[in-house]
Protein chains: 2
Amino acid sequence: MDGGGRRSRSERAAGSRAATIQDVARLAEVSTATVSRALATPQRVSPEARARVAEAIAKTGYVPNTAARSLRSQKTHMVLVVLPDLANTFFSKILRGIEETLFEAGYGMIISDLDGSPEKEAHLSAFTAAGRVDGAILLNGHLFGQNRDEEGGSAPLSIPLVAICEAIPDARIPQVEIDNRVGAAGMIRHLASLGHRRIGYVSGPRGNILERERFQGYRDGLAAAGLAFDPDLVIPGDYTLEAGVAAGEAVVRGANRPTALFCTSDVMAIGAIRTLASAGLRVPEDISVVGFDDIEFAAVAEPPLTTVHQPRRELGQAGATALIDLLQGRKAPDRIRLKTDLVVRSSAAAPRRTMLKSAGLNA
Amino acid sequence: MDGGGRRSRSERAAGSRAATIQDVARLAEVSTATVSRALATPQRVSPEARARVAEAIAKTGYVPNTAARSLRSQKTHMVLVVLPDLANTFFSKILRGIEETLFEAGYGMIISDLDGSPEKEAHLSAFTAAGRVDGAILLNGHLFGQNRDEEGGSAPLSIPLVAICEAIPDARIPQVEIDNRVGAAGMIRHLASLGHRRIGYVSGPRGNILERERFQGYRDGLAAAGLAFDPDLVIPGDYTLEAGVAAGEAVVRGANRPTALFCTSDVMAIGAIRTLASAGLRVPEDISVVGFDDIEFAAVAEPPLTTVHQPRRELGQAGATALIDLLQGRKAPDRIRLKTDLVVRSSAAAPRRTMLKSAGLNA
DNA sequence: CACCCCGATGTAATCGATTACATTCACTTT
DNA sequence: AAAGTGAATGTAATCGATTACATCGGGGTG
């Protein structure tokens, strides 16, 4: 429609269109090749020419045009980040880590919120095919454009990929995640060291990979503390507040109450605490409740939540670093597991004697 | 370094490099011009040619190369979003609204977290100058690259801009914000209608534009309810949890206690409630506390917070829509003010008789 | 019938950079 | 002195699309 001769930039700027490499070359009285080399490989240009080019660039305010550069070099210096929900703090912290790292390495970040729409996934495949990005970081737990593969046509995503957070089982790409199992085990050991012998477990959704790992960690922790696993202490959940509320009710109603409750998400812990509180059970005096994630609000909850911290920023940084390695032809590690941190606040304390006794009696 | 003949895409894909418009033209036995027209202006191409092109595109999996397209058309179909803190939920909700709207209109979103670094701002100016984006949305409350203007050189940012959230006073660009004043006034009227006569105000940082508007709204609301403004009821704050805690302490210590406390951020309200609770004051039975923002956690706090909801997603949508209008040559409104919503939960209730009486006695 | 118009299509210039290849020239080597 | 070397630079092809302009042919008008 409105082609090269009429660009929005020049319409707005004071009449002078943006300087091109030609302008610089003319002003410096060298060829465009020399200008280009002065920028890319200064050591291959004589000091005098370099100086003249530098001056001309300063005078014209020249900035290389990205479209032209990437058309020629087949590199966009852009990375696509695909995530399921941009509004979720969990992801936005990771994003921040990604953005930092990419920016430092000279890459820009394009974000797409998948929003559960398969239609959008299709668009994304086209996006990558159009050469808009050099690589992608996936936070959504699965690949996309996968289906085309079977039709024998083009590969699903032929650019370098890295997955963060939720492992993608069969994908042969670098994966960055936290060590859920060790994190959960550490929390159980902490509770055991406080003196708890009956530790309840509020689970995540059945089949979820995070849930599986955290549950393993729970059992590891019990074993390490010499405690027997008791299936009655497992309460099903799904990481939501409502599940936490329900878990709290289950604890209040149930006989043979645990002295500590390990909720596998902070949000469930907060829901559980609320229910317990309205049933007259004080946390941590009457029962300890701990979470997982260390969301923003964990520190501010009442009582401040003892939880397992996920290094989200570092997760993003590690993922971005791995991708950059890939993009620059280096080798990236297959799998990076970041350590979690136990954050001790005040929602867990030693069980009271009476609690121990009653637990002992009921056992 | 590694030029046109050797592209990362083709290295990874099964040997066949990505199809170009030439490939499609050859296969469809038409010229590249016809292919281009078949895509851009189908009505200008005969039905037979159109069909052949469509078939060839399907067969080759052709997707137009973005770099080539934007080099020629001087349009990137990319929008830059600049914000102060990506990890802040407040912004990420807005981002989501922006992303949705941009995506639907065929634009991609590049995000930059300014992170308070002026150095990064300089990079951003170069970014826009390099023609990487067609326009930008600013969430950071000020322009950037501004300084260069005075040196008589190139204009600061010569691309279409829109500001969201915090108004940028002197900038002559479309601004999208919420109506802080009306929102605050509505909350005061709500409290007054519950029967409160002594309504405390916990402020934002001095000089902040949001603070100024909310304070005006507070006074409007008092006036509308026929209540006199009492400077003693104003407690300085800065939107942080600590400020809320401090405000709670001030209320506990102070004589002539208000029956309701309007905190100009939810975070402050949560801090205040915590302090009040540990001093033995129940919310809302002994004192009502309300907030502003309707952050994620407001609904889940104990008690659930009565607050002023900011339509963050809509804010993003409106901003993106305005920018798209600008980019497509339409006119965008100078200033959009979105209405807030009063969200009544349970942290505010009618004052008890004794509270009223004591207030009356002390006055 | 001559002429014009218009729709469909093709040819080739163009966008702005990168880079393979060619050229120049000073300097070393035999 | 002739030939060879290598650093510095220039020329021009190239990336892949868009689009101004040229061309062609069929149908309508005077």
Exercise. Distance from Met109(B) atom CE to Met109(A) atom CE, nearest 0.5 Å?
Worked result: 8.0 Å
Seminar exercise, completed: Leu39(A) atom CG is separated from dT19(C) atom C1', nearest whole Å, by 14 Å
Problem set entry | Proximity to the side chain of Arg69(B) - top-ranked nucleotide from dT19(C), dG10(C), dT18(D) | dT18(D)
For this session: Apply the test side-chain contact (heavy atoms from CB on, under 4.5 Å) to residues Ile111(A) and Phe91(A): give CA-CA distance (whole Å), side-chain angles for both, the deciding distance (0.1 Å), then the verdict.
Result: CA-CA 12 Å; Ile111(A) 289 185; Phe91(A) 295 112; over 6 Å; no
Problem set entry | Spacing between Ile21(B) atom CD1 and dT19(D) atom P, to the nearest angstrom | 11 Å
Exercise. Using a cut-off of less than 4.0 Å, is there contact between a side-chain N or O of Gln43(B) and OP1 or OP2 of dA8(C)?
Worked result: no
Exercise. OP1 or OP2 of dA17(D) less than 4.0 angstrom from a side-chain nitrogen or oxygen of Ser73(B), does that happen here?
Worked result: no
Problem set entry | Short side-chain N/O contact to dT9(C) OP1/OP2 from Ser46(B), under 4.0 Å | yes
Exercise. For the side chain of Ser31(B), counting heavy atoms from C-beta on, which of dG16(C), dT11(C), dT9(D) is nearest?
Worked result: dT11(C)
Problem set entry | Test: Asp85(A) and Arg96(B) ion pair at under 4.0 Å | yes
Exercise. Between atom CZ in Arg26(A) and atom C1' in dG16(C), what is the gap in whole Å?
Worked result: 13 Å
Exercise. Of Arg50(B) and Ala68(B), whose nearest nucleotide on DNA chain C comes first from the 5' end?
Worked result: Arg50(B)
Problem set entry | For atom CZ of Arg44(B) and atom P of dC6(C), their distance in whole Å | 13 Å
For this session: Could you grab the distance from atom CG of Asp113(A) to atom CG of Leu102(B), nearest 0.5 Å is fine?
Result: 12.0 Å
Exercise. Counting just side-chain N and O atoms, does Tyr62(B) come under 4.0 Å of either OP1 or OP2 of dA17(D)?
Worked result: yes
For this session: May I ask you to say what Ser36(B) touches in the nucleic acid, namely base, sugar-phosphate or nothing, with a heavy-atom cut-off under 4.0 Å?
Result: base
Exercise. Rounded to the nearest Å, what distance is computed from the CG atom of residue Asp23(B) to the P atom of nucleotide dC15(D)?
Worked result: 11 Å
Exercise. Relative to the 5' end of DNA chain D, which residue comes earlier, Thr32(A) or Leu71(A), by the nucleotide with the nearest heavy atom?
Worked result: Thr32(A)
Exercise. Base, sugar-phosphate alone, or nothing: which one does Ala49(B) contact when heavy atoms must sit under 4.0 Å apart?
Worked result: sugar-phosphate
Exercise. Expressed in angstrom and rounded to an integer, what is the separation of Lys75(B) atom NZ from dC15(C) atom C1'?
Worked result: 14 Å
For this session: Look at the side chain of Arg37(A) and decide which nucleotide, out of dT18(C), dA20(C), dA17(D), has an atom nearest to it.
Result: dA20(C)
Exercise. So, is Thr34(A) close to the dG10(D) phosphate, meaning a side-chain N or O under 4.0 Å from OP1 or OP2?
Worked result: yes
Exercise. Does Arg72(B) make a side-chain donor-acceptor contact with the base of dT14(C), cut-off 3.5 Å?
Worked result: yes
Exercise. What nucleic acid atoms does Val35(B) come within less than 4.0 Å of, heavy atoms only: base, sugar-phosphate, or nothing?
Worked result: nothing
Exercise. Yes or no on side-chain contact (heavy atoms from CB on, under 4.5 Å) for Thr20(A) and Asn65(A), after CA distance, side-chain angles and deciding distance?
Worked result: CA-CA 8 Å; Thr20(A) 72; Asn65(A) 179 294; over 6 Å; no
Exercise. Should Gln74(A) be listed as having a side-chain N or O under 4.0 Å from OP1 or OP2 of dG16(D)?
Worked result: yes
Problem set entry | Shortest non-hydrogen contact between Ala38(B) and Val45(B), atoms and distance | N-CG2, 3.7 Å
Exercise. What is the distance, rounded to the nearest whole Å, between atom CD of Glu29(B) and atom P of dG10(C)?
Worked result: 10 Å
Problem set entry | Atom-to-atom span, CD of Gln22(A) to P of dA13(C) - whole angstrom | 17 Å
